[in-house]
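One structure is given below, encoded as structure tokens.
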Amino acid sequence: MTSEEERRRQHRHRHRQRVVRGIDDELVADFDAAAHAAGGDRSNITRRLWEWYARRPGAELPERPEAPSVESDNHPK
């Protein structure tokens with residue numbers, strides 16, 4: 001049986017979490033979808049953007065996924 005402290009330790013994040021304020025839920029959902037389409041995740045893409053922006057040696061912008069095609073009855077392509 002695990003102690004309360006062991007249980008808490010198992011559920012901690014490996015890395016310190018950072019908070020970015022002022023991002024609406026729709027943008028988060030769009031970013032997650034784009035990151036997934038590019039074969040990545042939000043944390044990986046964000047870290048790479050920060051490294052590029054801070055001009056870290058060897059840092060490159062992450063590859064962007066193709067723009068989603070917008071096809072519907074109301075908006076022909």
Side-chain angles (χ1 to χ4, degrees):
M1 191 158 159
T2 60
S3 71
E4 187 65 27
E5 178 57 31
E6 288 172 335
R7 201 167 72 76
R8 272 195 297 266
R9 209 175 312 136
Q10 290 173 347
H11 294 284
R12 287 187 189 143
H13 290 277
R14 281 184 43 209
H15 303 287
R16 194 174 192 193
Q17 288 188 323
R18 309 292 185 204
V19 176
V20 180
R21 292 183 282 267
I23 300 175
D24 64 61
D25 292 342
E26 186 177 352
L27 179 54
V28 171
D30 290 347
F31 188 79
D32 282 346
H36 180 73
D41 60 61
R42 189 186 329 162
S43 294
N44 180 278
I45 302 293
T46 302
R47 184 176 46 260
R48 291 176 62 196
L49 285 168
W50 284 31
E51 289 171 346
W52 171 81
Y53 195 85
R55 299 181 185 273
R56 290 252 174 115
E60 295 180 5
L61 277 173
E63 199 66 34
R64 286 172 68 189
E66 293 293 321
S69 63
V70 180
E71 275 190 43
S72 71
D73 295 335
N74 297 335
H75 302 298
K77 199 172 180 185

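Any value given below was found using the heavy atoms of this structure, including those in side chains, with hydrogens, waters and symmetry copies removed.
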Are side-chain heavy atoms of Arg18 and Thr46 found at a separation under 4.5 Å?
no

Which pair of non-hydrogen atoms, one from Ala34 and one from Pro65, has the smallest distance, and what is that distance?
O-CG, 3.3 Å

What's the spacing between Trp52 CH2 and Glu60 CD if we round to 0.5 Å?
11.5 Å

Just checking Asp24: does its CG atom have more than 12 heavy atoms from other residues, nucleotides or ligands closer to it than 6.0 angstrom?
yes

Would you compute the distance between atom CZ of Arg56 and atom CZ of Arg48 and round it to the nearest 0.5 angstrom?
14.5 Å

How close do Ala35 and Asp41 get, heavy atom to heavy atom, and via which atoms?
CB-C, 3.9 Å

Drop me the distance from Ile45's CD1 to Arg64's CZ, to the nearest 0.5 angstrom.
11.5 Å

Could you measure the distance from the OH atom of Tyr53 to the CG atom of Leu61? Nearest 0.5 Å is fine.
12.0 Å

